[in-house]
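Sharing a structure with you now.
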Amino acid sequence: MNLDITLPDGSVRSFENSITGDELAKNIGSRLHKDAVCIEIENKFYDLSYSITDNCNVRIVTINDLDALHILRHSSAHILAQAVLNIFPNTEYGVGPSIENGFYYDFKFTKPISESDLEQIESEMKKIVKSKQEFVRDEISKKDALKLFKKQSFKVELIKSAESSEGVTNDYVSTYSNEQFVDLCMGPHIPNTSFLKHFKLTKVAGAYWRGDENNPQLQRIYGTSWFSKEDLDLYMAQQEEAEKRDHRKLGNELNLFTSTDELGSGNFIWKPNGAILRDVIETFSKNAHLSNDYQLVNTPHIGKSVLWETSGHLAHYKENMYPPVVHEENNETYYLKPMNCPFHILVYKSDLHSYKELPIRFFEFGSVYRYEKTGVLHGLLRLRGFTQDDAHIFCTKNQINEEVKTLLNFSVKLLNAFGLSEIEADLSTKPDKSIGSDDDWDMATESLKKSLTELDIPFATAEGEGAFYGPKIDLHVKDAIGRRWQLSTIQVDFAQPDNFDIEYVDNNNKKIRPVMIHRALLGSIERFTGVLLEHYAGHMPGWLSPVQIDILTIGNVSSYVAEIKEHLKDFRINIDDRNVRLGEKIHNSQKLKVPIQLIVGEKDVSNKTFAINFYHADDKKDIEFEKGIKEINNYLKTPEFDLNG
RNA sequence: GCCGGAGUAGCUCAGUGGCCAGAGCAGCCGACUUGUAAUCGGCAGGUCAGGGGUUCGACUCCCCUCUCCGGCUCCA
């Protein structure tokens, strides 16, 4: 027999007999052999020990390969489970995949473990690593597998449900074992446990079996693993950096917002500095809207139950609404609004509309209240009360494409103005449960897709993730350290115009149903503020900073400071004229991340100068008055918002 | 909602089944009159999240509630 193996560079190696991946790697080169993790044949991965019998294309996957990292992490999960079983023999184990940055394994312990147990498990893993155990692949019949795993109810369930992804097909299952530990698995794996050198168990969490909340809850152990110590250290440093940027921590340090037990979950109170920050963000957004054909409206926080019956919220969204406010004497029931749309429809309905007016765009900073489950609340990012930069656009079907395009452009420009420039989109299509005709869905979905393509915005399609009333586009931004945050959402809606029976008069004097587009671009002001804080690590750009300039005095310079302040009256300024050393004033100012320290001493008065410390720049001393004022104006300038720019 | 962890002064955190619970920062009072990352001294500040229980005695052990943290589920 003759076996021809084609390598990625196109070269062909011939062998007399079948050859394992390991032998092939060795045959190619010793360095490659040393770093080899597994092999790839025709886009499928196999163990290094796999025997190649037919002519094919083969790639040796090494530790420098991203694919190898997944294999390492999957093997890490096996070793984790093995360690856990060694320490707690009666534990049942579920599944343990590789995930972004690491791996996890789900267990049902006889007694719950806590984070303090991780150290012990980690050292048991190290023992397994040190003993260099080989991962051995086997294929056994389903019957034998059921016998083998008879004390492991989760594995039995997997075998019975014939999940091919877990190494189960119709008649046989594949297993991997090292020493006594056996697991159902498709593989492949690292050749032996000693490949796992740089890892860390990070946290313990609850997780439902198979991700279904009706199933029992298991304990999940998370870990991270890497081929080099540098990569592990880098990852750990990134985690630390993310912790430093935590908006909840910064909000406290910078006196922006706070929460208290008596307030209740999911709501924050905004302190003066935080309220200013919000207001600057809102004002910028409001001006952008007003100069681009939006009309400001204003609506209340509660409405009668009939409104929510008409809108369908009570039928579809009740569990997310706060309980009703009942006025028993008057026999009236009110609800806090979870969304603004019904109110904006009422605004629309309050007048008769001609086709000549469309599109009509109503804009409002609308505070909404949603009774989110306690466990999902998270700082400013997930709240029960928040304010959307919300607008509803009423237009004809033919206007959807143009309108969505304008909207996407608007949103991108708006996010750019705040320094968020890496933007990606998700296009969510028709879900299983939906209303409206297929034609409408197709037309709207195509319009959205076309808009994204025309504007060259990279997007992924999320099949079936749309709202029941229409497809949507969500925009995500990447922050300074590469994390993705969902901000804008744009949704086409066929249902609410029907529910509320709204119309416009067309050029034949006929009454026609308009289409609605729901959209929030910053999303929620609270959430957006939180994202900005994390993006900038609290060092807000000058125009956004709650305090923009700290004037720090040395000696008695009050009349000169007044003169300086007069020339900077557009800005938010604090004066620190306490009788303390300059070093302390600077320390305090920098701690609060004020972008500019303007330092004025007595000798500046006669010279008509001052010193400026800009954030992230060298100190500037003896700056001439006019020049300094100019530089500060420049540094604190509010960005332009120009849709065509 | 579920699993696990936690809640001590305004903030960051020590602390022990047994006199009256500590520190730093912030605050107040006083001294220092200050030129680039915290001047010195004093004072005040707490129902140890709230409620119940065990105990001669609970901040400490147990139960319930609230709030927060890490996840899961959810996210129109």
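Within every chain, numbering begins at 1; the chains are lettered A, B, ... in the order of the sequence lines, protein sequences first and strands thereafter.
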**OP:** Nearest-nucleotide wise, let me know which of S259(A) and R382(A) is further upstream toward the 5' end of RNA chain B.
**Re:** S259(A)
Original post:
What distance, rounded to whole Å, do you find between the two C1' atoms, one in G10(B) and one in C32(B)?
Top reply: 27 Å
Identify every side-chain donor-acceptor pair in residues 604-611 of chain A under 3.5 Å, counting partners at least two apart or on other chains, and give the distances.
residue	atom	partner	partner atom	Å
D604(A)	OD1	T609(A)	OG1	2.5
D604(A)	OD2	G601(A)	N	2.9
S606(A)	OG	K603(A)	O	3.2
N607(A)	ND2	K603(A)	O	3.2
K608(A)	NZ	E563(A)	OE2	3.1

Subject >> Separation between the P atoms of G51(B) and C69(B), rounded to whole Å >> reply: 24 Å
Subject >> ring pair (Phe, Tyr, Trp, His ring centres under 6.0 Å) partners for F154(A), two or more places apart >> reply: W209(A)
Original post:
Looking for any heavy atom pair under 4.0 Å, which part of the strands does R581(A) touch: base, sugar-phosphate only, or nothing?
Top reply: base
Subject >> Short side-chain donor-acceptor distance under 3.5 Å, S153(A) and K108(A) >> reply: no
**OP:** Identify whether any heavy atom of A207(A) sits under 4.0 Å from a base atom; if not, whether one sits that close to sugar-phosphate; answer base, sugar-phosphate or nothing.
**Re:** sugar-phosphate
**OP:** For nucleotides C72(B) and A14(B), find the distance between their C1' atoms and express it as a whole number of Å.
**Re:** 34 Å
**OP:** Provide the start and end nucleotides, 5' to 3', of the part of RNA chain B that has atoms under 4.0 Å from heavy atoms of chain A.
**Re:** G1(B) to A76(B)
Original post:
Which part of the nucleic acid does G555(A) contact within heavy-atom distance under 4.0 Å: base, sugar-phosphate only, or nothing?
Top reply: nothing
Original post:
How is N613(A) classified with respect to the nucleic acid when contacts are heavy atoms under 4.0 Å: base, sugar-phosphate, or nothing?
Top reply: base
**OP:** Tell me what H378(A) touches on the nucleic acid: a base, only sugar-phosphate, or nothing, going by heavy atoms under 4.0 Å.
**Re:** sugar-phosphate
Original post:
Counting N and O atoms only, with roles assigned by atom type, does the side chain of Q597(A) sit under 3.5 Å from a partner on the main chain of V594(A), one being a donor and the other an acceptor?
Top reply: yes
Please tabulate, one pair per line, all N/O donor-acceptor pairs under 3.5 Å involving side-chain atoms of residues 235-243 of chain A, not counting sequence neighbours.
residue	atom	partner	partner atom	Å
E241(A)	OE2	R245(A)	NE	2.7
E241(A)	OE2	R245(A)	NH2	3.4

**OP:** Assign E115(A) to base, sugar-phosphate, or nothing according to its heavy-atom contacts below 4.0 angstrom with the strands shown.
**Re:** nothing
Subject >> Stem regions touching RNA chain B, defined by at least 3 consecutive Watson-Crick or wobble G-U pairs below 3.5 angstrom >> reply: B:1-7 with B:66-72, B:10-13 with B:22-25, B:27-31 with B:39-43, B:49-53 with B:61-65
Original post:
Residues two or more places apart in sequence or in another chain: which of them pass ring pair (Phe, Tyr, Trp, His ring centres under 6.0 Å) with F571(A)?
Top reply: none
Original post:
Do T202(A) and T224(A) have side-chain atoms, one donor and one acceptor, less than 3.5 Å apart?
Top reply: no
**OP:** Indicate whether any N or O donor in one side chain lies under 3.5 Å from an N or O acceptor in the other, for Q491(A) and T489(A).
**Re:** yes
**OP:** Could you measure between the two P atoms, the one in G18(B) and the one in C25(B), and give it in whole Å?
**Re:** 30 Å
Original post:
Between K593(A) and Y615(A), is NZ or CZ placed under 6.0 angstrom from the six-membered ring centre and within 45° of the ring axis?
Top reply: no
**OP:** Looking at every strand, decide which applies to D604(A) at a 4.0 Å heavy-atom threshold: base, sugar-phosphate, or nothing.
**Re:** base
